[in-house]
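Structure record follows, encoded as structure tokens.
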Amino acid sequence: MSAPAAAAASAVLDFDDILVEIGEFGRFQRRNYLLICLPVLFAAANSLSYVFTAGSPTYRCYVPECDKAEDAEYGAVWVSIAVPGSWSKRGQFTPSTCERFVTNRSHFASASESGSSWPLDQCSAANFTAETERCHQFVYGSLERTIVQQWGMQCQENLWKLAFVGTMHFAGLVVGTALSGYLADRYGRKHIFLFCIVFMALTGVAQALSWDYISFLVFALLNAVGTSGVYPLAFIIGVEMVGPRMREMSSIVLNYFYAVGEALLGLSFFLPHWRQLQLALSLPPLICVAYFWLVPESVRWLLARNRREQAGVIIRRAAKVNRRDISVELMASFKQQELEAETGSEAEGGLDVQKDDKIWLAIKKVVSSHILMARYAILLFIWAVNAIVYYGLSLNATSLSGNKYLNFALVCLVEIPGYSLAWLFLRRFGRRMALSGSLLLCSITCVASGFVTLGANWLVVTLFLVGKLGITSSFAVIYTFTAEMMPTVIRSGGVGVMSTFARFGAMLAPFVPLLASYYDPLPLLLFGSLSLVAGLLSLLLPETFNRKLPDTVEEAIALGK
């Protein structure tokens with residue numbers, strides 16, 4: 001085949017052109033897109049399930065002198081005289097979790113000698129001294145049962161164990177994100193996607209059957225490894241199956257499914273036992289085993305791997321479902337290029353070596369450039385701040401006053417307008433102002449909600465939700481902004497490095513809510529200050545909106561000029 005003919009055949013096989021012919025988002029794509037979105041609901045729920053399975057319920061010491069053995073009430077009127085605690089500005093008493101006042105034995109003895117019984121319904125301050133002691137029996141404020149009751153992890157000294165569950169989860173995300181991306185490039189999107197779903201389900205069931213704290217940690221880590229591959233691979237499959245005009249839509253709608261999946265955890269109000277909740281989140285995804293026959297492999301991946309005959313079968317099926325006609329010349333070109341690919345396979349190894357040389361050369365140029373190193377250092381910091389604040393706000397939602405299940409659901413659902421806001425900002429104001437504005441919005445509202453406490457619960461929750469909206473918008477913008485600042489040869493790897501670094505930052509998020517034990521607004525003030533610094537630093541980055549994507553390191557440097 002002559003060079004012009006070969007070029008013509010290659011042009012025919014540009015998948016974007018094929019999609020225009022068979023339909024950019026026809027019935028075939030809509031059905032498969034919906035199928036890949038459904039597991040994302042359960043992946044999102046599994047990613048934050050530990051907030052409730054390893055959460056700390058409300059509890060106080062059991063006071064046998066005053067509590068009724070059969071029907072002890074957490075918020076009894078006498079609690080403040082029998083248990084130490086703190087009073088809020090709204091006059092609400094929060095009892096200490098593991099301390100109670102020592103019984104006044106002399107008063108009890110005199111009551112016994114006089115023939116009177118201990119006044120269960122009229123506990124008075126005279127019944128107790130000012131000294132405190134530890135207790136080992138507890139009264140809980142709700143029917144919620146977590147691993148705290150399961151393995152006796154009450155009291156302040158065990159809080160780090162609960163937070164460490166979140167750290168193990170994010171450690172699993174780091175491992176899983178790296179592994180799933182590599183394996184999907186090597187063995188196919190569909191197979192690794194299905195493996196991640198099934199692995200997430202099986203390890204989630206094992207987590208529900210854990211026999212002690214250590215086994216729970218191990219299965220939480222493994223569950224995160226499986227969970228971490230579901231969303232990114234669904235994102236890749238979704239983007240690769242639709243035409244150019246539908247890519248933004250496919251990415252935004254997938255994020256909507258993720259937000260709804262997180263919000264579903266608010267329904268754990270109806271499944272108060274942690275084992276029941278974990279099983280409810282883990283068993284349904286096993287149905288996705290049927291995806292082996294229902295969901296096709298990514299045509300783009302098949303073409304990249306020179307499996308044109310398999311790609312042709314899927315394209316013919318898509319054209320038939322979409323009720324489109326596909327040219328005979330197009331399908332004939334698959335077989336022709338397959339033969340050409342086999343002929344040129346001997347030179348493929350040399351091309352791979354050349355490609356690796358280009359990557360390492362680009363990395364060396366980046367490291368030697370003070371401008372790019374400073375720019376990427378700022379990006380690393382912003383990625384880490386995004387992860388810490390985003391996950392920190394999600395975890396801190398259960399600490400807000402009011403119904404914690406409703407608060408958590410609202411904090412998750414507010415991500416939907418957050419992603420929509422990012423989409424609008426990116427088009428209207430450019431990348432730099434969209435990122436800075438989102439972070440500063442989060443900063444202002446987090447600091448404000450940290451100080452607004454007196455008689456304004458609705459205002460606290462509203463400000464908190466606006467802060468989550470801002471950081472969600474920032475997270476959506478940073479993906480696009482980072483990709484547009486990276487040279488083509490290292491773009492995928494560069495974004496991967498930033499995302500992995502953010503996961504390491506997220507490992508600190510579960511410990512941030514513990515700061516509230518020292519000063520109640522401290523977690524929100526920390527989130528606000530970090531967002532402020534990141535928002536100001538983002539103004540030092542170059543604008544990339546409507547600019548050509550940099551193909552070389554030199555073009556990446558020139559973005560700032």
Side-chain angles (χ1 to χ4, degrees), residues 54-112 116-163 395-396 398-404 407 450-455 457 460 511-525:
S56 181
T58 53
Y59 61 93
R60 63 166 174 83
C61 286
Y62 174 74
V63 183
E65 297 86 354
C66 298
D67 275 313
K68 297 178 181 179
E70 297 295 329
D71 189 24
E73 182 183 353
Y74 173 81
V77 293
W78 50 261
V79 170
S80 60
I81 62 173
V83 179
S86 59
W87 291 90
S88 69
K89 293 180 181 179
R90 291 190 292 269
Q92 184 177 4
F93 180 74
T94 302
S96 175
T97 54
C98 295
E99 289 187 331
R100 52 155 294 181
F101 290 122
V102 176
T103 304
N104 188 342
R105 297 298 174 186
S106 60
H107 189 270
F108 178 75
S110 61
S112 298
S116 61
S117 62
W118 188 271
L120 287 175
D121 57 341
Q122 298 179 19
C123 287
S124 64
N127 297 336
F128 304 95
T129 67
E131 297 180 9
T132 60
E133 63 180 355
R134 290 291 295 266
C135 61
H136 302 286
Q137 284 183 286
F138 305 94
V139 176
Y140 294 92
S142 67
L143 296 176
E144 181 184 14
R145 291 295 179 267
T146 72
I147 64 172
V148 169
Q149 295 103 312
Q150 188 75 44
W151 297 308
M153 292 192 290
Q154 296 90 350
C155 303
Q156 190 78 14
E157 65 269 17
N158 288 311
L159 288 180
W160 72 270
K161 293 182 180 179
L162 303 179
L395 301 179
N396 214 54
T398 57
S399 301
L400 294 174
S401 56
N403 188 306
K404 73 174 185 178
N407 289 340
F451 284 112
V452 177
T453 55
L454 182 58
N457 181 55
V460 175
F511 290 94
V512 176
L514 301 185
L515 297 175
S517 60
Y518 301 101
Y519 180 51
D520 196 48
L522 192 54
L524 290 172
L525 296 181

Please name the pair of heavy atoms, one in [X] and one in [Y], separated by the smallest distance, quoted to 0.1 Å.
X: C155; Y: T97; value: CA-OG1, 4.5 Å
X: T146; Y: G55; value: OG1-O, 2.8 Å
X: S142; Y: T58; value: N-OG1, 4.3 Å

Is it the case that R100 places NZ or CZ above or below the six-membered ring of F128, under 6.0 angstrom from the centre and within 45 degrees of the axis?
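No; the conditions do not both hold, so R100 does not lie above the ring face of F128.
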Heavy atoms, side chains only, cut-off 4.5 Å: are [X] and [Y] in contact?
X: E99; Y: E133; result: no
X: V79; Y: V63; result: no
X: Y59; Y: C98; result: yes
X: I147; Y: M153; result: yes
X: Q137; Y: P64; result: no
X: R145; Y: Y140; result: yes

Spacing of [X] atom [atom1] and [Y] atom [atom2] [to the nearest 0.5 Å]:
X: W151; Y: N158; atom1: CH2; atom2: CG; value: 13.0 Å
X: I81; Y: F101; atom1: CD1; atom2: CZ; value: 9.5 Å
X: W78; Y: C66; atom1: CH2; atom2: SG; value: 5.0 Å
X: R134; Y: S96; atom1: CZ; atom2: OG; value: 8.5 Å

Test disulfide (SG to SG under 2.5 Å) on C135 and C61; report intermediate values, then the result.
CA-CA 6 Å; C135 61; C61 286; 1.8 Å; yes
With sequence neighbours excluded, what pairs up with T129 under the side-chain contact (heavy atoms from CB on, under 4.5 Å) test?
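Here the qualifying residues are V102, N104, E131.
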Carboxylate-amine/guanidinium proximity below 4.0 Å for D67 and R60:
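Salt bridge flag = yes for R60 with D67.
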